[in-house]
Each structure stands twice: as C-alpha cells, then as structure tokens.
2 protein chains.
Amino acid sequence: MCSRTNPRSSRTGRPRSTEADTAILEATRAALVELGWSKLTMGDVAGRAGVAKTTLYRRWPSKNELVVDAVAVLFDELEMPDLGSLQADIEHVVLQFAALLERPETKTALMAVVAESTRDEPLRERIRASIVDRQKRLVLAGRERAQQRGELPPGRDPMAVDATDDLIFDVIAGAVVHRALVSAEPVDGPWVARLSALLVGGLGAAAATGGDR
Amino acid sequence: MCSRTNPRSSRTGRPRSTEADTAILEATRAALVELGWSKLTMGDVAGRAGVAKTTLYRRWPSKNELVVDAVAVLFDELEMPDLGSLQADIEHVVLQFAALLERPETKTALMAVVAESTRDEPLRERIRASIVDRQKRLVLAGRERAQQRGELPPGRDPMAVDATDDLIFDVIAGAVVHRALVSAEPVDGPWVARLSALLVGGLGAAAATGGDR
DNA sequence: GCCTTTCGCTACAGGTCGTAGCGTAACTCC
DNA sequence: GGAGTTACGCTACGACCTGTAGCGAAAGGC
C-alpha cells in the first residue's frame with residue numbers, strides 16, 4: 001500500500017527461485033526439441049523442470065511469452081567480428097544466423113511466436129525487444145564499419161540511413177528465414193556468397209547512381 | 001478390391017458435396033479473420049459452414065491442412081503483367097504480395113502453417129505445391145522477360161540460372177514477409193522502390209563483374 | 001517472532017480433439 | 001426399380017490441455 005516505486009524485486013517475502021527460472025527455460029527448450037511448438041504444453045514443461053504448473057503461470061502468462069524468453073537467450077551468441085570487408089562481415093553474420101535457425105528449438109519456435117504476434121501486440125513488442133533488436137544491432141555495426149572503410153559513402157540524411165538499415169535488415173533476415181524454413185534448402189557457403197554479393201553489388205550501385213536517394 | 005486405377009473420384013456411392021467444400025473453406029477464412037490461427041477450432045469452422053464436424057475430418061486430417069487449402073486460393077490473384085522494365089515488374093509483384101499479406105487471414109495463417117511444417121514434411125510439401133510454387137512462377141516469368149529485354153544477360157549455365165532464381169525468390173518473398181510480419185512496418189511504395197532498386201542494382205553488378213559465376 | 005511472498009500439491013470447470021456408432025440421404029451399376 | 005456403396009448429420013465419448021483456486025509448508029525481510 002505504501003510507496004512501491006522501487007521495482008527492484010519485492011523487498012519482502014520469499015524470493016523467487018532463480019534456479020527454477022533457469023530450469024524452466026531449459027526445460028522449455030528441451031520440450032521444443034522433442035515435441036515442437038504445437039505439442040509443447042505447460043504441464044509437460046513443469047514436469048521436466050521439476051516445478052509445479054502453478055509456478056510457471058506465476059511468471060509467464062502463457063506459452064507464447066515463455067517460449068520467447070526460452071529462445072531469446074540463444075541469440076546472445078550472435079557476434080560481429082571485424083573481418084576486414086563488408087562482404088566478409090555479411091557472410092559471417094548470415095552463417096551465424098543460419099546456424100541458429102538450424103537448431104530445432106528455434107526452427108519450430110521462431111515462426112510460431114511471430115505468427116502469434118500478429119494478433120498480440122505485447123507479444124510482438126517482447127519479440128522485438130528480446131530477439132529482433134539483438135539482430136538489428138549487427139546490421140548497424142556492419143554498416144558503420146563499411147562506411148569507415150570507405151566501402152559505403154557516409155550517410156548525410158539520417159532518415160535515409162535509418163531506412164536503408166531497415167531495408168538491409170529485412171532483406172538479410174527475411175531471405176535467410178525464407179530459405180531455411182519455407183524453401184527448406186540449406187543456408188550454406190555458396191548460397192551465402194551469392195546473397196552477400198547481391199547485397200554488396202546493390203548497395204554499391206545505389207550509392208553510385210543516386211546515393212541514399 | 002478390383003482395379004481402381006482411375007482416380008477420377010470414386011465412381012460409386014454418394015458424391016461429396018462441393019458446396020460443403022466451398023462453405024468449409026470460406027468458413028475457415030472467416031474464422032481466421034475473427035479468431036486468428038491459434039483460437040480457430042474445427043468445431044467452430046464446422047458450425048460456421050453449417051456442416052457436421054465429422055465432415056471436416058473426412059476431408060482434412062487436421063487444422064493445418066485445412067488452413068493451407070483455405071488460404072491457398074487467395075494466391076490465385078497473383079498476376080504478372082508486363083510493365084516494360086524489370087524494376088517495374090518487381091515493384092508490381094511485391095506490392096501484390098504485400099497486399100495479400102496485409103489481409104488478416106493470410107497474416108495469421110501463413111507463418112503459423114510454415115512453423116508447423118518444420119516438423120511435418122507432408123504439410124511442407126502441401127504448402128510448397130499450393131502456395132510457394134505459385135509465387136515462384138512469377139519470379140521465373142520476370143527473369144525471362146528481363147533477359148528478353150536485354151536487362152539481364154542470357155544465362156548459359158542452367159544450374160546457375162536456377163540458383164539465381166531461387167536466391168531472388170527467397171530475397172523478395174523473405175524481405176516482404178519479414179518487413180510485414182516481423183518488423184511490422186508497412187510495405188508501401190517508397191520501401192518497395194528501395195527494395196527493387198537494390199535488387200536490380202545487385203543483379204546488374206553481378207552480371208557486370210563475374211556473371212552467373 | 002511476525003509478516004509477506006513463493007512453493008508444491010491437489011482439485012476442478014471449461015474447452016478441444018478425434019473417433020465411433022447410428023440412421024438417413026444420394027448416387028451408380030445391374 | 002433394387003442392391004450396393006459412399007457421404008452426411010447427429011450424438012456421445014474418453015483423453016487431453018488450459019488456467020485458476022485453495023491449502024499447508026518453506027524461505028526470506030524486519
């Protein structure tokens with residue numbers, strides 16, 4: 001009833017078990033691997049994690065949010081070392097992303113939660129914050145490096161730069177997801193080389209003709 | 001027991017009601033609009049269509065296949081008029097595809113069935129045959145026209161041409177889907193212009209430097 | 001020690017799935 | 001026109017999952 005401005009956990013009472021948290025998320029990933037998204041149930045996850053079903057519902061409102069959190073941590077692996085050229089940077093990050101999509105947990109979960117998010121705005125925001133933004137940072141970093149190297153012209157209009165970043169991100173992430181999940185073909189070296197060549201060529205052509213428009 | 005080589009329906013007995021077929025598919029789309037993928041149930045669809053639940057199960061093994069068939073007919077609208085240039089053709093087909101993705105039926109259903117298909121090979125094949133191939137034909141037609149116009153060099157190696165078609169398809173379809181469903185930003189004129197400029201530039205650059213490799 | 005919150009457990013109503021069984025309707029072949 | 005075959009609507013059913021409620025016990029802060 002008093003001032004509760006401090007969101008730093010609830011100061012009093014029994015604290016939530018962090019072990020339970022990690023056990024639940026781990027159990028969720030295991031269930032995704034074995035059962036897939038559609039056959040995964042809250043009761044099953046609770047059993048695997050060794051906790052009561054009510055404990056899950058105290059932390060996550062539904063399967064959707066639980067799975068998002070369980071998969072999101074996998075995206076921490078994504079890194080962006082400087083490989084010396086824009087094309088090399090693109091190829092490296094695409095292969096990393098593809099490896100993530102090859103894992104059965106993400107393969108079955110990612111599209112499913114995105115599908116759910118088309119009718120659930122808070123869920124979409126959760127996905128954006130914990131998964132999408134994490135990928136987008138890599139695009140930003142790669143573009144900035146390419147500009148410093150002189151491979152891309154320095155952006156004058158910040159709006160146009162943002163729009164280009166958005167476009168590149170949608171093209172790369174979309175193409176990889178579509179290749180891996182819709183076409184169901186391998187995202188391997190040759191394909192990635194073609195994709196990055198197309199992108200680098202397209203960016204170069206755009207810069208040569210009209211710039212950032 | 002006798003020879004049943006003729007697959008032209010089953011010759012004897014009461015034929016299946018084609019009215020029921022169309023009513024069910026229409027009811028499925030209506031349910032997708034109102035309820036979305038996850039809350040759509042077989043019983044609900046049966047009620048809307050005015051048929052018994054058992055009638056649904058006699059035709060479709062599960063919700064997945066039913067929804068694929070219900071959404072697939074929408075992709076018949078996709079057409080590919082010759083607009084005179086590769087870039088114009090790309091922009092037109094992308095805007096058409098985007099309009100399809102804006103519809104609530106497809107928005108909620110498409111990603112969901114693809115997610116299911118990652119663990120269901122027959123379902124993936126059904127999606128490929130009734131939805132994906134229908135889109136892919138447009139890419140083929142656009143590429144051939146561009147070659148006839150001289151915008152793209154004639155492909156010598158058929159394997160390389162196929163690979164390029166696949167790449168373009170994954171890039172276009174993937175980018176549009178990602179933009180519309182993941183980024184949740186509008187696929188409007190300016191964005192489409194940027195995307196097609198990137199593609200045309202990339203294809204031109206690839207042709208100029210190394211060709212189809 | 002008192003208060004607060006979490007935990008595991010059980011039980012429960014509500015809803016969905018997918019099937020079985022029945023009598024009836026529609027159509028083909030003889 | 002009758003026999004055979006298949007589809008239809010209807011009801012009922014067991015199995016499963018959801019999400020919540022209520023309980024006593026446990027684990028922290030003050």
Side-chain angles (χ1 to χ4, degrees), chain A residues 1-25 27-28 31-32 34-67 112-113 116 119-120 122-123, chain B residues 1-25 27-28 31-32 34-67 112-113 116 119-120 122-123:
Chain A
M1 274 177 230
C2 319
S3 64
R4 186 74 67 80
T5 46
N6 190 355
R8 182 183 184 170
S9 76
S10 44
R11 294 175 309 171
T12 178
R14 177 175 176 176
R16 286 196 174 167
S17 163
T18 57
E19 299 165 12
D21 276 314
T22 60
I24 290 170
L25 293 177
T28 303
L32 281 174
E34 281 185 33
L35 307 173
W37 160 268
S38 54
K39 293 186 180 175
L40 177 146
T41 68
M42 298 294 264
D44 184 275
V45 171
R48 287 169 192 265
V51 301
K53 198 172 56 166
T54 45
T55 300
L56 264 75
Y57 282 105
R58 284 194 194 95
R59 300 162 194 229
W60 290 278
S62 82
K63 188 169 123 171
N64 293 329
E65 289 81 0
L66 171 62
V67 169
V113 294
E116 291 296 300
R119 297 210 137 222
D120 185 342
L123 182 64
Chain B
M1 277 174 225
C2 318
S3 63
R4 186 73 67 82
T5 47
N6 189 358
R8 182 182 183 172
S9 74
S10 43
R11 296 175 309 172
T12 176
R14 176 176 176 176
R16 286 197 174 168
S17 163
T18 57
E19 300 166 10
D21 275 314
T22 60
I24 291 170
L25 292 176
T28 303
L32 281 173
E34 281 185 32
L35 306 173
W37 159 268
S38 55
K39 293 185 179 174
L40 178 146
T41 68
M42 297 294 265
D44 184 275
V45 171
R48 288 170 191 263
V51 301
K53 199 172 57 166
T54 46
T55 300
L56 264 74
Y57 281 106
R58 284 193 193 96
R59 299 164 194 230
W60 289 278
S62 82
K63 189 169 121 171
N64 294 328
E65 289 82 0
L66 171 61
V67 169
V113 293
E116 291 296 303
R119 297 211 137 223
D120 185 342
L123 182 63

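Throughout, a chain's letter reflects where its sequence line sits, starting with A, and its residues are numbered from 1. Nothing here was measured: the structure is a model prediction, and the numbers come from that model.
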Handout entry: Heavy-atom closest pair, residues A/A27 and A/V45
Key = CB-O, 3.8 Å

Problem - Any donor-acceptor N/O pair under 3.5 Å between D/dC10 base and B/T54 side chain - result: yes

Practice task
Please name all residues satisfying side chain to side chain donor-acceptor pair (under 3.5 Å) with B/N64, sequence neighbours left out, ordered by chain then number.
Solution key: none

Problem - Whole angstrom value for the distance that separates C1' of C/dC17 from CG of B/L66 - result: 14 Å

Practice task
Grab the CD1-P distance between B/I24 and D/dG9 for me, whole Å please.
Solution key: 8 Å

Fill in the blank from the handout: To the nearest angstrom, the CD-P distance between A/E19 and C/dG8 comes to 11 Å

Handout entry: Shortest non-hydrogen separation from B/S17 to B/A20 and the atoms involved
Key = OG-N, 3.0 Å

Problem - Any residue of residues 34-52 of chain A with a heavy atom less than 4.0 Å from an atom of DNA chain C - result: A/G50, A/V51, A/A52

Handout entry: Sub-4.5 Å side-chain heavy-atom contact between A/L66 and A/K63
Key = no

Completion exercise
Hits for side chain to side chain donor-acceptor pair (under 3.5 Å) against B/S38, two or more places apart or cross-chain, chain-then-number order -> A/E116

Problem - Pairs satisfying salt bridge (charged side-chain N to carboxylate O under 4.0 Å, His left out), at least one member in residues 16-25 of chain B, at least two apart - result: B/D21-B/R59

Exercise for the section: Quickly work out the A/R16 CZ to C/dT4 P distance and round it to whole Å. Expected result: 18 Å

Practice task
Using a 4.0 Å cut-off on protein heavy atoms (strictly under), produce a 5'-to-3' string for nucleotides 22-30 of chain C with B for base contact, S for backbone-only sugar-phosphate contact, and - for none.
Solution key: ---BBBS--

Practice task
Using atom CD of B/E65 as one end and atom P of C/dG18 as the other, report the distance to the nearest whole Å.
Solution key: 10 Å

Practice task
Could you check how far CG of A/L56 sits from P of D/dT18, rounded to whole Å?
Solution key: 10 Å

Practice task
Can you check whether any acceptor in the base of D/dG9 is under 3.5 Å from a donor in the side chain of B/K53, or vice versa?
Solution key: no

Scan the side chains in residues 46-54 of chain A for donor-acceptor partners under 3.5 Å anywhere in the protein, sequence neighbours excluded, and list what turns up.
unit_1, atom_1, unit_2, atom_2, d
A/R48, NE, A/D44, OD1, 2.5
A/R48, NH1, A/E34, OE2, 3.3
A/R48, NH2, A/E34, OE1, 3.1

